[in-house]
Asks: 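Just passing along the structure, written as C-alpha cells.
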Amino acid sequence: MELTIQTDIDGGRVLAVYFKVREGQVSRTIEVAEDVCYADEDSKGNLLGVEMIAPGSLEMHVKRIARKYKVKGMTQALRRAQEVMAS
C-alpha cells in the first residue's frame with residue numbers, strides 16, 4: 001500500500017493523506033464522510049485509494065473503509081500516516 005501525504009508548503013501542516021491500495025482506472029469517487037473522506041473505485045467497485053482531507057479523523061474513516069472493502073494493511077498505513085503527522 002502506497003501512502004502520499006500533502007502538506008502546507010509554509011508550515012508543513014498535513015492537508016490531506018492518500019492511501020493507494022492498488023493500481024487501476026478510477027471509475028467513481030464515493031464520499032465516505034462529507035467534505036472529509038473519499039474512496040476511489042474502479043468500474044467493478046474495487047477500492048483503488050482513499051483520500052482524507054481532515055487527517056485528524058483518520059482512524060474512524062480508515063477502519064470503516066477497511067471493513068467495507070475488506071482491505072488488509074490499512075491499519076499499518078494509518079500508523080505510518082500518524083507518525084508523519086506527529087513529526
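Note that these values count all heavy atoms, side chains included, but never hydrogens, waters or copies made by symmetry.
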Asks: Indicate yes or no: does Lys20 engage Glu23 in a salt bridge with an N to O separation below 4.0 Å.
Replies: yes

Asks: Just wondering, do Leu47 and Arg22 contact through their side chains at under 4.5 Å, heavy atoms?
Replies: yes

Asks: Give a yes or no on whether the backbone of Val32 and the side-chain of Arg64 come within a donor-acceptor separation of less than 3.5 Å.
Replies: yes

Asks: CZ/Arg28 to CG/Asp40 distance, rounded to the nearest 0.5 angstrom?
Replies: 11.0 Å

Asks: Looking at every heavy atom in both Ser43 and Ser27, which two are closest together, and how far apart are they?
Replies: N-CB, 3.3 Å

Asks: A side-chain contact here means heavy atoms from C-beta on lying under 4.5 Å apart; do Cys37 and Met52 qualify?
Replies: yes

Asks: Indicate, with yes or no, if Tyr69 and Leu48 share a hydrophobic cluster defined by side-chain heavy-atom contacts under 4.5 Å among Ile, Leu, Val, Met, Phe, Trp and Tyr.
Replies: no

Asks: In the single-linkage hydrophobic clustering (I, L, V, M, F, W, Y; side-chain heavy atoms under 4.5 Å), do Val26 and Ile65 co-cluster?
Replies: no

